[in-house]
Amino acid sequence: MTVKTRFAPSPTGFLHIGGVRTALFSWLYARHHGGQFVLRIEDTDRERSTQAAVDVILEGLAWLRLEHDEGPYYQTQRFDRYAELADRLLREGKAYRCYCTREELEVRRAAQIARGENPRYDGRCRDRTDVPAGVPSVVRFRTPDQGITVVPDLVRGSVEFQNAELDDLIMVRSDGTPTFHFGVVVDDGDMGITHVIRGDDHLNNTPRQMHMIQALGYPVPAYGHLPMILGSDGAKLSKRHGAVNVLEYRDEGFLPDAVLNYLVRLGWSHGDQELFSREEMIALFDISAVNASASRFDGEKLKWLNQQYLKSSPAESLTAGFVEQLQRAGLEPASGPAPVAVIEAYRERATTLRDLAKSAAYLYAEPPTIDEAAVRKHLTPAINAPLARLFARLGELKTWTRGDLHGALEAVAAECGIGFGKLGQPVRVAVTGGTVSPPIDVTLELLGRDKVLERLSRAVSLTGSGAVA
RNA sequence: GCUCCCUUCGUCUAGGGGUUAGGACGCGGCCCUCUCAAGGCUGAAACACGAGUUCAAUUCUCGUAGGGAGCGCCA
């Protein structure tokens, strides 16, 4: 049997980190077993579903390269099929029409809670034979009310439910549209889904869905309910902590593989291994190794992972994202050194592409942003002479490589009787405007002769304008 | 309230009847060093609680507590 999994988001909001993790595990399971991965848009709630949300979900999955083999299917395009099967269940007596109004249901629910019962539909219309005129009806599924249902779960073993605790789910609303529960089972059956991997918020729905699947005559799929991802404060993921659109991670300069690597380690592990390439994830992923407890989202570890990927990815693969970040920062990529060279110099000093662009801004901006405190501390009259000497020496340089530059700096420091660092830091402030940059020779090489000499001469006049005789 | 699920360092996790309870992020220290990083070494840091089973429980069982989910004509 070929494995077939699916990711079935509802387009009522953006794709957040929890949804991505569900998609990732479904995708990994399919890929690991050489199976198929289906994308299905569950848009039966026409009130809340939007095309914009669909677009954002598609864009997010595409960015992460969680590519599907089938779909996207849209439930709103399958309404005829749901109606057909609902009719069949009605004819077979496996479903029935319910004429209870929302108001009546609400009153009974409140009473049940008051009595300490699990609030659920009381089956009032189960055996009703009359058809009240002019009263709208929904279609309910007749769930067995005796015995127990065992959900065999790939993540947490067998979970038992007393059928008496289960009520009769609405399959078709009074306006004729199918509900999520009905759409899910029909689609999973029609699409031949073999493994349903989803969040454990669906665990309680599973026994009732299993009954419907059996009534419909489909084979029951295997289930794997994944633990939730909580916010960093342990509360449910919300817009306040972590449940942001996954595309925001892209916009902040995170790499898709780093995001995936972070998420795959939430609830799953393979010994002590922390870094997994896509290929390794696929080869090693094993749903029986997924643990059952919820985990918290930790942005610090994501940053660390992103830096690991920044350090190890081919620089060429990072240029597009880096250039985009420069542009977002209002900088002109063509006004500075080649992106690849900047990435090589900065990749181990940045956690995101955004940080990288920010740190390298002085290479593209003219004049660079100046850290006044650094200038006061390092560009003092005492450094005037060494800077002037360096300016002269660099002006004579025939070639402009980090080796040449290092030699020039060492020579000037020696001539002035000061340590390399005593010269390096003022030079750094002079050419970058701040106190932090890659090794000074690399920094000078990157900035280029013209800008270095120009900024150095400015520093020479600045330091010479003071108390120097 | 009812049903279901979960519980190892702050966080992500490994482990599993007898271990100095391992790794990673973060945090502290040292080394390296022209700054910042990166890197190396190193330190602090955990089996929720109570019974039971057992020669022996962090590991198995049951409770308790805490957390989560579900209980919609939402998905």
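What you see below is based on every heavy atom in this structure, not just the backbone, and it leaves out hydrogens, waters and symmetry mates. As the structure is a computational prediction, the values presented were derived from the model and not from experiment. Here is the naming used below: chain letters follow the sequence lines, and residue numbers restart at 1 for every chain.
Heavy atoms of A:R109 sit under 4.0 angstrom from primed sugar atoms or phosphate atoms, though from no base atom. Residue contacts shown for A:P438 include a base, since a base heavy atom lies under 4.0 Å away. Among the atoms of the strands shown, only primed sugar atoms or phosphate atoms (P, OP1, OP2) are found under 4.0 Å from some heavy atom of A:R156. At the heavy-atom level, A:S174 lies under 4.0 Å from base atoms of the strands shown. Among the protein residues, A:G267 comes within range of the sugar-phosphate backbone only, with heavy atoms under 4.0 Å from sugar or phosphate atoms but none that close to a base. Counting any heavy atom pair closer than 4.0 Å across all strands shown, A:V138 reaches a base atom. Among the heavy atoms of the strands lying under 4.0 Å from A:Q307 are primed sugar atoms or P, OP1, OP2 only; no base atom is included. Within the nucleic acid shown, A:E160 comes within 4.0 Å of sugar-phosphate atoms alone, with no base atom in reach, counting heavy atoms only. Counting any heavy atom pair closer than 4.0 Å across all strands shown, A:I440 reaches a base atom. Across all strands, A:E300 comes closer than 4.0 Å only to sugar-phosphate atoms, never to a base (heavy-atom distances). Among the atoms of the strands shown, base atoms are found under 4.0 Å from some heavy atom of A:R428. At the heavy-atom level, A:K303 lies nowhere under 4.0 Å from the strands shown. At a threshold of 4.0 angstrom between heavy atoms, the contacts of A:S359 with the nucleic acid are absent.
Using atom C1' as the reference point in both B:rU42 and B:rC32, the two lie 15 Å apart (nearest Å).
In the set B:rC34, B:rU11, B:rA75, the nucleotide with an atom closest to the side chain of A:N205 is B:rA75.
Using a cutoff of 4.0 Å between basic side-chain nitrogens and carboxylate oxygens, A:D167 and A:R140 are not scored as salt-bridged. Ionic pairing of A:D355 and A:R349 is not present here: no N-O contact between side-chain nitrogen and carboxylate oxygen is shorter than 4.0 angstrom.
Checking A:T443 against A:S437 by side-chain atom types alone, a donor-acceptor pair falls below 3.5 Å.
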